[in-house]
Amino acid sequence: MFRLALLTLVFIGVYAFAEPKFPELTGRVVDEAGLLSKAQEQSLADMSGTIERDSTVQVVVVTLKSLDGYDIAEYGYQLARYWKVGQRDEDNGILIMIAPKDRKVRIEIGYGLEAFITDAEAYEMIQSKMLPRFKEKDVYGGIRDTIDAIGTIVSKEYQHDYGAYKPVRMSAFYIAAIASIPFLVMAFWAGSYFFSRQVNIAIRVIASVLVGGFAGFLVWAFSHIMIISGIIALIVAIIAYYSDQNSDYGSIITDMADSGGNIGSGDSFEIFSGGGGDFGGAGASADIGSVLDGLGSL
């Protein structure tokens, strides 16, 4: 009897301290339960992306196959921390969770947003925006209306205090694109100069790397977007190395445009990740009953 009681206590202790198995963060919308179509996922991701560009607030949506026996508040708190939703030092992430088989939903609020979106407001969004749509089997509509309500609050409250970040983050990609133009021209010039003189290949490599690195650094200084800056640095360096004074530059530019030179202008090409935000367990949960029974694996 004593051994059985001891084993029971050990099992309970292991279960209590074990971390749940979290899904991978693959984008702004992680539809593990299969409740959304691809078009609906993209639409919600676009809404989330707009909110982040306008205010730096990250909104992530996740539908779960199972909570693995955990309370949704505990699971949501740990998942939001694991994914690091929100910006580092601002902790301005929001996680919208739907667990249809467990009949639970939750809106998890990051530390930095607790003053702007209270637990009561999060609960009201669930009751007035999410559940009415869910009762109509419209999962997409419920999430869409919730994100829209979050965007409204953020635009009225959050930007007022953090508006200084808005201009840079809203136009960062466009600033980076514009800033790269003179360096592309410089790359063509540098390539022509060195090829025309048939200098040593090592010198051409060094010159190309320097031109590309300088271009990437200045673009980063304007935009603070490391990925775009790195891509531009690489493109400029390659063009600088392979450019020739006898090359048809017009055809090169045309080929780049035809092959998708506008990569980055849309969430379809976005590489999304959490920004390092933290959570303290604020938010609200609700039991959705049987309204989503039978849905999933679309």
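Reckoned from all heavy atoms, side chains included, excluding hydrogens, waters and symmetry mates.
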Practice problem: Report the distance from atom CG of L44 to atom CE of M47, rounding to the nearest 0.5 Å. | Solution: 7.0 Å
Quiz item: Any donor-acceptor pair under 3.5 Å linking the side chain of Q40 with the backbone of S37?
Solution: yes
Quiz item: Roughly how far, to the nearest 0.5 Å, is CE of M97 from CG of D102?
Solution: 9.5 Å
Practice problem: Could you pull out the closest heavy-atom pair between V60 and G27, with the gap in Å? | Solution: CG1-O, 4.3 Å
Practice problem: Run the numbers on V59 and E52 for side chain to side chain contact (heavy atoms under 4.5 Å, CB included), then give the verdict. | Solution: CA-CA 8 Å; V59 180; E52 182 172 2; over 6 Å; no
Quiz item: Just how far is it from atom NZ of K129 to atom CZ of F134, taken to the nearest 0.5 Å?
Solution: 14.0 Å
Quiz item: To the nearest 0.5 Å, how far apart are OH in Y75 and CG in L95?
Solution: 10.0 Å
Quiz prompt | Main-chain N/O of G86 paired to D91 side chain as donor or acceptor, under 3.5 Å | solution = no
Exercise. Quick one: list whatever passes side chain to side chain donor-acceptor pair (under 3.5 Å) with E136, sequence neighbours left out.
Key: none
Self-check item: Donor-acceptor pair, side chain of S155 and main chain of G151, under 3.5 angstrom
Solution: yes
Quiz item: Do you know which two heavy atoms are closest between A80 and E108, and how far apart they sit?
Solution: CB-CG, 4.2 Å
Would you be so kind as to tabulate the donor-acceptor pairs closer than 3.5 Å made by side chains of residues 139-148, with sequence neighbours excluded?
unit_1 : atom_1 : unit_2 : atom_2 : d
Y140   : OH     : S43    : OG     : 2.8
D145   : OD2    : R133   : NE     : 3.0
T146   : OG1    : G142   : O      : 2.7

Quiz item: In chain order, what residues pass the salt bridge (Lys or Arg N to Asp or Glu O under 4.0 Å) check against K104, with sequence neighbours excluded?
Solution: D287
Exercise. Could you please spell out the steps behind the side chain to side chain contact (heavy atoms under 4.5 Å, CB included) verdict for L25 and Y82?
Key: CA-CA 9 Å; L25 179 61; Y82 179 77; over 6 Å; no
Self-check item: CA sep, side-chain torsions, deciding dist, call: M125, I117, side chain to side chain contact (heavy atoms under 4.5 Å, CB included)
Solution: CA-CA 10 Å; M125 279 191 278; I117 302 178; 3.8 Å; yes
Exercise. Applying side chain to side chain contact (heavy atoms under 4.5 Å, CB included), name anything that partners E32, two or more places apart in sequence or on another chain.
Key: P23, L64, K65
Exercise. Kindly give the heavy-atom pair with the smallest separation between L113 and I94, and that separation in Å.
Key: CD1-CG1, 3.4 Å
Quiz item: For the side chain of E121 and the backbone of T118, is there at least one donor-acceptor N/O pair under 3.5 Å apart?
Solution: yes
Quiz item: Does N92 reach the main-chain N or O of G112 with its side chain, forming a donor-acceptor pair under 3.5 Å?
Solution: no
Practice problem: For E124, check side chain to side chain contact (heavy atoms under 4.5 Å, CB included) against everything at least two apart and list the hits. | Solution: S128
Quiz item: Are any side-chain N or O atoms of T63 and backbone N or O atoms of I98, one a donor and one an acceptor, separated by less than 3.5 Å?
Solution: no
Exercise. Hey, could you give me the CZ/CD1 distance between R28 and I96, rounded to the nearest 0.5 Å?
Key: 12.5 Å
Quiz item: Sub-3.5 Å donor-acceptor pair from the side chain of D31 to the main-chain atoms of L36, do we have one?
Solution: yes
Quiz item: If you measure from CD1 on I72 to CG on L67, what distance do you get to the nearest 0.5 Å?
Solution: 5.0 Å
Quiz prompt | Under 3.5 Å side-chain donor-acceptor pair for Q58 and S48 | solution = no
Quiz item: Would you say the side chains of Y123 and Q127 form a donor-acceptor pair under 3.5 Å?
Solution: yes
